[in-house]
Number of protein chains: 2
Amino acid sequence: MATIKDVARKAGVSTATVSAVMNDSAFVSPELRARVVTAIRELRYEPSQAARNLRRNRSQLIALAVADLSNPFYARIVWSAEAAVAAWGYSLVLFNSDEKPDTERRILSRIRTLGCDGMVLVPVGAANQYQPHEFEGIATVLLGRSIEGNSADTVTIDNQAAGRQAVDYLLDLGHRRIGSVTGPMQLSTSKGRLDGMIDAMAARGLAPQPGHVRSGEFREEAAYSVARDMMGSPDRPTAIYVANGVMAIGVMRAIADLGLRCPQDVSIASTDTVAGAGGLKPRLTRTEHPIADMTNEALRLLVDRIEERGSEPVRNIVFQPALIVGESCMPLRVEAG
Amino acid sequence: MATIKDVARKAGVSTATVSAVMNDSAFVSPELRARVVTAIRELRYEPSQAARNLRRNRSQLIALAVADLSNPFYARIVWSAEAAVAAWGYSLVLFNSDEKPDTERRILSRIRTLGCDGMVLVPVGAANQYQPHEFEGIATVLLGRSIEGNSADTVTIDNQAAGRQAVDYLLDLGHRRIGSVTGPMQLSTSKGRLDGMIDAMAARGLAPQPGHVRSGEFREEAAYSVARDMMGSPDRPTAIYVANGVMAIGVMRAIADLGLRCPQDVSIASTDTVAGAGGLKPRLTRTEHPIADMTNEALRLLVDRIEERGSEPVRNIVFQPALIVGESCMPLRVEAG
DNA sequence: GGACGTTAGCGAAACGGTTTGCTGTCAATG
DNA sequence: CATTGACAGCAAACCGTTTCGCTAACGTCC
């Protein structure tokens with residue numbers, strides 16, 4: 001590996017001049033510049049990022065820590081984030097906390113020692129599990145979920161609106177006994193979506209029955225067993241609002257295994273899905289997030305923080321969900337004429 | 001941020017001693033060790049990875065460059081790779097070449113300047129597009145696809161076997177007019193799978209009709225238009241072998257849009273799918289790859305190369321595909337008694 | 001008791017860049 | 001002609017570690 005000294009020697013100049021040429025950081029006469037450029041090409045010189053990092057105290061690395069890489073929703077975020085990070089001239093270091101606060105803690109520490117210039121984090125823990133020093137000295141944007149009391153920038157969706165939209169749709173179809181399969185209650189997303197549901201029902205003088213609201217991990221399996229349990233009883237709901245995409249798949253599987261049909265016997269609406277890349281039948285009625293836009297915005301905010309160093313006020317960007325009507329819902333059949 | 005010098009001063013020792021304590025690289029008397037440990041804790045000292053990288057010429061970074069992050073197949077690889085990389089004590093830097101050789105070239109250069117200790121690459125170009133120096137001095141494992149003439153370790157599947165298995169299955173169902181929608185011919189995967197198909201047919205004295213073999217980008221849209229074209233003509237095939245998962249979705253969509261049914265009118269078999277996370281209906285008959293195993297193996301080989309420095313012989317690991325029978329194929333209906 | 005081996009710990013030289021003065025040159029100016 | 005200013009380019013300091021080679025101090029053995 002050629003170093004800057006080799007280039008300098010070959011071109012008959014000082015290393016400072018080579019550095020100036022590399023970075024366009026000072027004027028260099030055309031003649032010398034040409035000699036340097038030639039030497040660089042001939043030696044196939046590439047500057048050592050490590051040395052540069054040490055001196056500049058920068059790493060050109062942006063960390064992304066998502067909650068669950070097996071979830072297509074996060075895979076989609078990763079896709080967008082890679083493109084955005086590259087476009088800003090950084091490289092993406094990827095972490096998966098797998099919804100485990102302990103793993104997340106290790107990741108935060110790792111991000112710190114790697115010296116990443118900034119991080120985009122989808123937090124998985126309850127607000128009180130975070131230490132302030134875990135965020136000190138590193139630009140941070142929280143994506144999708146927020147942490148109460150944390151002073152980082154956030155990019156989220158309006159979860160209450162999502163729950164409200166989906167459940168309003170079910171109510172408009174005539175459903176009254178509506179259940180919900182939702183995520184862990186310590187997460188802002190789960191809580192917001194459920195609140196939205198309760199709002200929507202309350203606005204019509206209704207409330208979900210106690211046994212019809214179940215929460216569990218944001219995973220297909222958890223949703224499957226919860227739904228199977230809930231839908232087994234005779235006073236089962238006629239419609240279900242599911243808080244995320246992979247859970248919706250679990251719920252649909254549970255319903256099929258119970259011998260029920262969707263949408264004829266049970267209507268299903270969800271939030272946040274990318275499930276099945278369009279191939280799932282019936283296609284889910286759902287509220288979608290503008291994932292790519294959200295991710296781009298998160299990186300815009302982050303790069304802004306990294307490069308401005310300024311202490312602008314905290315920014316909380318909230319995106320609105322949009323209802324996408326599929327084939328997973330039907331008007332309530334009146335059971336006795 | 002406290003440096004090693006601050007710690008040394010506070011503990012009344014030299015930086016060499018602090019370093020020895022940090023790395024357990026030399027014997028330090030219990031007394032001094034205790035003083036150093038205290039100082040480290042009190043100053044909340046964390047060594048600068050940048051300085052360490054410069055000195056050790058290591059970055060603890062492993063790069064993964066995949067061909068298409070929007071493809072669930074690669075998303076699955078990313079998931080496995082993140083876990084494996086973390087388990088080996090490295091961090092994952094992720095790149096997406098988006099099937100573009102130019103982008104890939106930039107990525108390779110970026111990986112080099114970042115000083116990644118190694119890389120796992122899903123190559124997207126033809127063999128003659130690579131310069132030997134692009135792989136010099138950095139441990140490399142090619143995953144999924146190989147590059148003819150390249151001396152890196154590889155982890156691939158037996159593509160011919162995959163094509164053969166899938167097409168044999170279609171032949172066993174009685175199909176004779178079998179078509180194929182496959183990927184770009186400069187890729188080892190596309191070529192191998194098609195060869196396998198041709199082998200299987202040749203073994204029964206058959207050959208695909210010229211217009212029934214179409215290749216295009218490994219994308220849903222490309223497959224859609226190619227399939228629509230091929231299936232529009234009256235002598236259309238009764239079965240199609242599709243070379244990858246996202247293409248299979250495109251083909252199924254094309255068939256539905258042409259008013260044909262799968263499997264009643266057209267049987268479809270594919271290779272390499274993770275499509276639709278199990279939700280796709282009808283479920284595809286396909287040959288699957290052990291993606292997680294392949295990825296783990298790739299990282300095992302890579303870490304081995306990184307840490308052994310030895311010049312063991314090149315290793316080419318080939319995994320066997322397995323046929324998974326879904327509902328997308330039917331026996332050929334005899335058209336005239 | 002001197003020669004010699006061990007060994008804990010230290011000082012200083014790397015590692016490969018960037019950046020800050022500083023120097024020497026040359027043209028313009030009074 | 002002496003002074004000044006602009007400016008191209010350089011030498012050296014610096015970033016925060018690791019590591020090599022050395023030095024004392026100490027115990028051992030003839």
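Note that these values count all heavy atoms, side chains included, but never hydrogens, waters or copies made by symmetry. Remember, it's a predicted structure, so these values are computed and weren't measured experimentally.
- A straight line from CD of A:Gln60 to P of C:dT18 spans 12 Å, rounded to a whole angstrom.
- Between A:Leu54 atom CG and C:dA14 atom C1' there is a gap of 13 Å when expressed in whole angstrom units.
- Under the side-chain contact (heavy atoms from CB on, under 4.5 Å) test applied with B:Glu297, the options B:Leu302, B:Val155, B:Asp153 reduce to a single match, B:Val155.
- Between B:Ala51 and B:Gly12, the residue whose closest nucleotide on DNA chain C is further toward the 5' end is B:Gly12.
- Looking at which nucleotide of DNA chain D each of A:Pro30 and A:Thr15 is closest to, the 5′-most match is held by A:Pro30.
- Residue B:Ser19 places its side chain closer to D:dT19 than to any other of C:dG9, D:dT19, D:dC10.
- As a whole-Å value, the separation of B:Asp6 CG from D:dT17 C1' is 13 Å.
- Between B:Asp24 and B:Arg33 there is a salt bridge, since at least one side-chain N of the basic residue sits less than 4.0 Å from a carboxylate O of the acidic one.
- Looking at A:Met22 and A:Tyr45, their side chains come closer than 4.5 Å, going by heavy atoms from C-beta outward.
- To the nearest angstrom, C1' of C:dG9 lies 12 Å from CD of B:Glu31.
- Taking every side-chain heavy atom of A:Arg55 into account, D:dC15 is the closest of D:dC15, C:dG9, D:dG9.
- Relative to the side chain of B:Leu32, the nucleotides C:dA8, C:dG9, D:dA12 differ in distance, and C:dG9 lies closest.
- Side-chain nitrogen and oxygen atoms of A:Arg56 include none within less than 4.0 Å of the OP1 or OP2 phosphate oxygen of C:dG17.
- Looking only at atom types and distance, the side chain of A:Ser109 has no donor-acceptor partner in the side chain of A:Arg105 under 3.5 Å away.
- Side-chain nitrogen and oxygen atoms of A:Thr17 include at least one within less than 4.0 Å of the OP1 or OP2 phosphate oxygen of D:dC10.
- Of the candidate nucleotides D:dA11, D:dG16, C:dA14, D:dA11 has the atom lying nearest to any side-chain atom of A:Ser14.
- For the pair A:Asn57 CG and C:dG17 C1', the computed distance is 14 Å after rounding to whole Å.
- Contact annotation: B:Tyr45 does not reach the phosphate of D:dG16 (side-chain N/O to OP1 or OP2, under 4.0 Å).
- Shown are B:Val36, B:Thr17, B:Val18; of these, the side-chain contact (heavy atoms from CB on, under 4.5 Å) with B:Val28 is made only by B:Thr17.
- Residue A:Lys5 contributes atom NZ, which lies 12 Å from atom C1' of D:dA12 at whole-angstrom precision.
- The side chain of A:Val13 approaches D:dC10 more closely than any other nucleotide in the set D:dG9, C:dT19, D:dC10.
- At C:dG9, one or more side-chain N or O atoms of B:Ser29 fall inside 4.0 Å of OP1 or OP2 (strictly under the cut-off).
- Residue contacts shown for B:Asn23 are limited to sugar-phosphate atoms, with no base heavy atom under 4.0 Å away.
- If you take CD of A:Gln49 and C1' of D:dC15, they are 15 Å apart, rounded to a whole angstrom.
- Residue B:Lys100 is tested with B:Thr103, B:Asp98, B:Asn96 for a side chain to side chain donor-acceptor pair (under 3.5 Å); the sole match is B:Asp98.
- Candidate nucleotides D:dT18, C:dG17, D:dA11 were compared by shortest atom distance to the side chain of A:Ala16, and D:dA11 ranks first.
- Taking atom CE of A:Met22 as the reference point, atom C1' of C:dT19 lies 16 Å away to the nearest angstrom.
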